[in-house]
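Take a look at the structure set out below.
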Amino acid sequence: MSQAYDHHAIEAKWQKYWQAHQVFAVNPDTTKPKFYILDMFPYPSGAGLHVGHPKGYIATDVYSRYKRMQGFNVLHPMGWDAFGLPAEQYAIETGTHPRDTTRRNIENFRRQFQSLGMDYDWSREIDTTDPRYVKWTQWIFSKLYECGLAYLAEVPVNWCPALGTVLANEEVQDGKSERGGFPVVRVPMRQWMLRITAYADRLIDDLDLVDWPAPIKKMQRDWVGRSEGASISFEIADHPQHSLEVFTTRPDTVFGATYLVLAPEHSAISTITTAAQHNEVMQYIEEVSRRSDRVRLAEGGEKTGVFTGAFALHPVTNVRLPIWIADYVLATYGTGAIMAVPAHDTRDWDFATKFALPIIEVVAGGDISAGAYVGAGTSINSDFLNGKPTPQAKTHVIEWLEQKGKGKGSVSYKLRDWLFSRQRYWGEPLPVLHLDDGTTKLVPESDLPVLLPELDDFKPTGEFEPPLARAREWVEVTDPETKHKAVRDANTMPQWAGSCWYYLRFCDPKQTEQAWSPEAEQYWMPVDLYVGGAEHAVLHLLYSRFWHKVLYDLGLVHTPEPFKKLLNPGMILGYSYRYYDNNLSDDPHASVTTYPATDVCLDAETSVHRESREELKARWVCAQDVHWKDKDTPCHPTYEGLVLEEVIEKMSKSRGNVVNPDDVIAEYGTDAMRLYEMFMGPLEKGAPWSSDSIPGVHRFLQRAYRLIMGEQEGHSSLSHLIGSTGTSTQARLTAETVRAVTQDIEEMGFNTAISKLMVFVRDITREGPLPRNSAETFVLLLAPFAPHLAEELWACLGHASSLVHEPWPTYDPACLTPSDMTIPLQVNGKLRSKILVPAESSKDDILRLARADEKLLEWLQGQTPRKVIYVENKLVNFVL
RNA sequence: GCGAGAGUGGCGGAACUGGCAGACGCGCGAGAUUUAGGAUCUCGUGGGUAACCGUGGGGGUUCAAGUCCCCCCUCUCGCACCA
């Protein structure tokens with residue numbers, strides 16, 4: 001007996017059909033209502049897609065197919081964020097040009113997407129490395145430059161010698177590079193910066209305009225980190241021409257300031273440090289610069305610092321306050337200097353306690369001997385502020401400082417300007433010329449794009465010189481205007497650049513005269529639904545909002561925000577199997593001792609042996625290779641008796657827990673794979689992949705196939721279908737399924753929508769043969785989830801063309817009313833009986849029937865209920 | 001440490017404003033039909049012999065609590081000296 005539902009044949013057939021008939025091509029008719037649904041486009045990595053990736057893509061595919069059937073003109077595009085380090089790393093190792101690697105990877109990704117049956121309009125495909133795209137990325141940079149939002153600055157950067165490049169703060173974790181885990185040191189360097197801080201307030205305020213998950217909004221607000229306070233100027237004893245600016249959010253505590261602290265990088269240090277303290281200070285600064293963040297972290301916040309020998313004068317009392325240097329003050333926040341109020345700031349309290357500095361209480365309400373009191377209260381020991389509650393004290397002291405010219409109200413942000421240069425090859429060159437006189441100018445728009453020079457060797461130079469600098473004839477040019485010698489900027493843009501505006505290019509991807517036409521932008525923007533991982537909660541989403549706002553100010557886009565609604569699909573995780581060994585250097589010839597996870601514990605961030613404290617390294621066994629001693633005991637395949645630890649974590653090659661969608665599709669088909677990923681649970685929730693559950697959804701598809709095609713094998717016979725709408729029960733189930741599935745899709749509740757389709761297939765033929773109307777309705781409801789099977793069934797039902805543009809089914813609400821209903825009867829809130837009553841029963845009818853119910857009477861035992869609660873058409877509760 | 005979210009059968013998960021806890025699926029059990037298939041169908045499946053007990057634990061509000069209030073525990077994810 002052959003399998004009736006041949007997913008291979010059906011899926012191949014319809015994917016071919018869709019492509020041949022261009023059914024997903026965007027409709028140029030701009031009078032129709034539009035819906036722009038966007039996936040965060042992927043970086044086409046060499047590993048290809050694993051089953052964790054498609055979850056969000058499948059969800060948008062379901063939703064966009066649904067919207068299309070609802071009559072919307074849907075824009076659902078896909079493209080490639082194709083610049084990036086891995087292709088360059090691969091080029092360094094193998095000499096393969098990143099362009100070739102990228103092209104190959106893109107082809108593989110496109111093939112995988114197509115095999116998933118995605119409804120993308122491939123004619124709108126974008127590749128950020130395409131010169132036709134790079135041109136406009138550079139053009140937008142030019143706009144930023146012209147607006148004064150791009151500037152060169154000497155800033156301390158994260159230099160990673162192993163990668164030969166500078167990394168953004170976000171790419172450094174615990175003092176190591178996020179990619180590769182190489183050590184990172186801080187070095188000053190001349191860099192392009194983008195003035196995102198100029199938009200700080202709007203990046204916070206305009207969050208009110210978008211429908212995003214609350215946690216993401218909060219993360220963005222915190223990242224921008226606006227805080228209001230005052231900057232106060234302190235004169236320095238014996239240096240009348242110098243003063244120190246500090247920023248504080250608690251100017252009301254100014255009378256509690258007992259010392260000042262400068263960040264180790266503060267520029268005033270060399271001026272004010274006394275001869276006696278000079279050596280100690282220099283030594284401290286040197287020490288701090290060598291200390292990685294990781295070491296700081298391990299110290300658990302223990303304060304360190306050194307006295308400069310200098311004193312500042314309190315702006316009100318003129319008391320001499322010692323000036324210290326400590327690394328708990330950050331150079332990059334506020335003014336890099338603080339007034340320390342140990343009584344009311346935890347960090348200052350710790351520091352003052354350690355170095356025996358005075359602590360003066362100036363806000364009542366806490367116990368200063370036990371720790372800092374950081375709450376609000378009434379000012380004390382504070383001269384003209386005494387008796388004032390904190391908010392008034394703040395306002396008052398700011399007024400006083402402003403009058404005396406010793407300070408002013410001010411706002412500080414955690415957000416810093418965006419470091420925009422990378423010393424890499426595989427990125428967009430910055431369209432800038434450096435002239436002899438030290439000035440810079442843009443490459444004229446007519447000369448864009450500035451393309452990458454061809455290189456034979458992609459290795460970083462290892463010096464503070466980008467790989468592009470090696471291409472001498474590319475770097476050395478003549479300024480087309482002045483005919484003077486000039487050099488090209490040899491930096492490239494960070495990977496974020498391309499993804500900052502791709503959603504605009506999708507509106508008009510083939511445009512050659514401009515980045516996008518105003519008409520296309522006007523029609524398609526904003527993105528109605530944007531779906532992608534929460535890992536981009538701050539960086540990508542903040543950067544692209546920033547660019548968008550600049551473009552908005554220039555009148556190039558018509559909405560202040562690019563993404564109306566945002567959704568973060570949860571990650572699909574994998575089971576991986578872990579043990580440890582002591583081969584820290586990965587030496588293949590070393591003699592290695594292995595340990596099970598039970599022997600290992602964590603010391604700060606490092607894995608160490610529970611007893612010997614020897615440092616160990618985690619190792620993983622590929623899931624397929626695990627030897628199962630019994631069903632709960634995974635063991636190492638070769639090291640006898642080594643029990644592995646089962647961990648659920650993000651899928652990655654290094655963990656050996658990757659499931660390839662190609663394999664799943666080959667076995668169960670795309671429709672089953674899509675259905676499984678949507679059925680796993682709520683979209684936003686992460687869950688481990690479990691291949692065991694796929695046969696379940698595959699069975700459902702087979703049942704659906706047989707339901708429509710009939711039980712007969714070999715040939716399709718639809719003779720079992722009846723023409724009418726069937727029994728009232730069948731009509732109701734059909735209407736109810738339309739209602740429920742529609743509502744669930746609207747709410748992105750795909751798992752429950754699928755369960756309702758399952759109920760339909762199970763129950764629709766209980767009372768009689770399948771009515772044609774129910775069959776067609778069901779096929780249309782199934783279409784967004786299992787589009788290939790649905791198309792096949794639709795065709796078999798006698799339709800000549802694809803169902804992609806069929807109207808979404810509707811229902812007659814009158815059909816929903818059942819002829820009777822079950823009313824649960826409770827006694828004291830506990831379910832005791834149920835009665836079946838006609839649907840149109842009144843309250844009195846129901847109560848009368850309830851009181852007559854035999855089971856209930858037993859429970860009442862002749863007592864008269866003290867109270868009877870009736871919930872309309874829901875339940876009756878007798879309270880004794 | 002701070003912030004956010006989540007704890008429901010053997011498992012993934014349902015349950016709109018408080019109103020029949022466990023939809024649907026996996027797994028498991030029984031049967032039917034079969035006899036080389038990862039097949040199909042039907043029935044059953046929270047625990048307990050029962051009364052009863054059951055949504056992380058403990059209190060509370062209510063006729064009625066997974067849902068509301070208070071306290072506590074655990075897990076996951078962000079942030080981490082931001083003055």
Side-chain angles (χ1 to χ4, degrees), chain A residues 1-4 213-216 218-219 222-223 225-227 229 246-251 253 261 263 293 296-297 299-303 326-330 332-341 344-348 350-351 374 412-416 534-535 537-538 568 570-571 573 648 667-668 675-676 679-682 684-690 692-700 702-703 706 711 743 747 749 751-759 762 822-834 865-880:
Chain A
M1 175 166 120
S2 68
Q3 202 176 36
I216 304 283
K218 192 176 177 323
M219 280 163 81
D222 291 350
W223 193 265
R226 179 189 160 99
S227 42
V246 306
F247 174 76
T248 175
T249 54
R250 292 294 300 272
T253 62
V261 188
D293 292 351
R296 288 200 197 182
L297 208 73
E299 283 168 359
E302 181 70 20
K303 300 282 179 290
D327 68 347
Y328 81 90
V329 171
L330 307 177
T332 45
Y333 182 77
T335 60
I338 61 154
M339 66 173 198
V341 184
H344 304 289
D345 181 283
T346 313
R347 298 150 301 182
D348 297 342
D350 293 345
F351 191 82
V374 298
S412 232
Y413 301 91
K414 270 203 266 191
L415 182 70
R416 292 156 207 175
E535 64 271 22
V538 276
N568 306 118
M571 210 178 307
L573 309 165
I648 294 174
E667 210 162 348
Y668 296 100
L675 217 48
Y676 169 65
F679 190 59
M680 284 174 85
E684 295 89 339
K685 231 190 117 181
W689 176 269
S690 150
D692 301 342
S693 301
I694 300 177
V697 288
H698 185 245
R699 262 199 291 272
F700 160 68
Q702 283 180 318
R703 274 196 288 265
R706 283 199 310 269
E711 303 290 335
Q743 186 183 323
E747 292 162 6
N751 54 333
T752 49
I754 292 168
S755 83
K756 275 144 202 166
L757 293 172
M758 288 171 167
V759 170
R762 186 191 63 189
T822 307
I823 301 289
L825 305 180
Q826 296 184 334
V827 175
N828 288 337
K830 289 188 172 148
L831 178 71
R832 295 309 185 191
S833 183
K834 287 181 183 186
R866 197 156 49 84
K867 204 169 161 189
V868 177
I869 312 273
Y870 170 73
V871 184
E872 205 187 333
N873 297 341
K874 275 269 174 64
L875 120 176
V876 186
N877 186 11
F878 295 87
V879 185
L880 292 180

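Because the structure is predicted, anything quoted here is derived from the model rather than measured. First the proteins, then the strands, lettered A, B, ... as listed; each starts at 1.
Closest contact between the side chain of K867(A) and the listed nucleotides U40(B), C63(B), C24(B) involves C63(B). Closest to the side chain of R832(A), out of A14(B), C52(B), G19(B), is C52(B). Nearest to the side chain of T248(A), among G78(B), A83(B), C79(B), sits A83(B). Among A83(B), U40(B), A15(B), the nucleotide with an atom closest to any side-chain atom of T752(A) is A15(B). Checked against G12(B), G19(B), G27(B), the side chain of N877(A) finds its nearest nucleotide in G19(B). Counting only heavy atoms from C-beta on, P824(A) has its side chain closest to C20(B) among A14(B), C20(B), G25(B). Residue S755(A) has its side chain nearest to C24(B) when only C81(B), C24(B), A83(B) are considered. Of the candidate nucleotides A14(B), A83(B), C26(B), A83(B) has the atom lying nearest to any side-chain atom of D345(A). Of the listed nucleotides (G19(B), A83(B), C24(B)), C24(B) has the atom at the smallest distance from the side chain of V759(A). In the set A4(B), C41(B), U40(B), C41(B) carries the atom at the smallest distance from any side-chain atom of R703(A).
Residues from residues 334-341 of chain A lying near RNA chain B, meaning a heavy-atom separation below 4.0 Å, are I338(A) in numerical order.
Scanning for salt bridge (Lys or Arg N to Asp or Glu O under 4.0 Å) contacts around K414(A) gives an empty result, with sequence neighbours left out. The side chain to side chain contact (heavy atoms under 4.5 Å, CB included) search around E684(A) returns L567(A), P682(A), not counting sequence neighbours.
With RNA chain B read from its 5' end, the first of the two nearest nucleotides for L875(A) and P682(A) is the one closest to P682(A). Take the nearest nucleotide of RNA chain B for R250(A) and for V697(A): the residue whose nucleotide is more 5' is V697(A).
Using a 4.0 Å heavy-atom criterion, one finds that K756(A) contacts no nucleic acid atom at all. P695(A) comes within 4.0 angstrom of no nucleic acid atom, judged by non-hydrogen atoms across all strands. V868(A) comes within 4.0 angstrom of no nucleic acid atom, judged by non-hydrogen atoms across all strands. In this structure, R762(A) reaches the sugar-phosphate backbone alone: every heavy-atom distance under 4.0 Å involves primed, P, OP1 or OP2 atoms, never a base. No engagement by S412(A) is indicated, since no non-hydrogen atom pair under 4.0 Å with the nucleic acid exists. Contacts of G696(A) with the nucleic acid, taken as non-hydrogen atoms under 4.0 Å apart, involve only primed sugar atoms and P, OP1 or OP2. Residue-level contact check: E667(A) touches the bases, meaning some heavy atom is under 4.0 Å from a base atom. P688(A) comes within 4.0 angstrom of nothing in the nucleic acid, heavy atoms only.
Taking atom C1' on both G13(B) and A21(B), the two are 13 Å apart, rounded to the nearest angstrom. Taking atom P in both A14(B) and U61(B), the straight-line distance is 32 Å, to the nearest Å. When the P atom is compared between G9(B) and G5(B), the two are found 23 Å apart, to the nearest whole Å. Separation of the P atoms belonging to G57(B) and C63(B) is 25 Å when rounded to the nearest angstrom. One C1' atom belongs to A51(B), the other to U17(B), and the distance between them is 36 Å to the nearest Å. Between C41(B) and U34(B), the distance separating the two C1' atoms is 11 Å to the nearest Å. For the C1' atoms, the distance from U55(B) to U49(B) is 25 Å, rounded to whole Å. Between the C1' atoms of G58(B) and A65(B), the separation comes to 15 Å (whole Å).
Because its glycosidic torsion is more than 90° from 0, G59(B) is reported here as anti.
Looking at RNA chain B, the stems built from 3 or more consecutive Watson-Crick or G-U wobble pairs, each pair with its key distances under 3.5 Å, are B:1-7 with B:73-79, B:10-12 with B:24-26, B:27-32 with B:40-45, B:56-60 with B:68-72.
Sorted by first and then second residue, the side-chain hydrogen bond (donor to acceptor under 3.5 Å, both in side chains) pairs with a member in residues 871-880 of chain A form an empty list; sequence neighbours excluded.
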Can you list, pair by pair, the side-chain donor-acceptor contacts under 3.5 Å of residues 823-831 of chain A, counting residues two or more places apart and other chains?
residue, atom, partner, partner atom, Å
N828(A), OD1, L880(A), N, 2.9

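Put simply, the side chain of Y668(A) and the base of G38(B) share a donor and an acceptor less than 3.5 Å apart.
Atom CD1 of I648(A) and atom C1' of C11(B) are 11 Å apart (whole Å). When the P atom of A80(B) is taken as reference, atom CD of E302(A) falls 21 Å away, rounded to whole Å.
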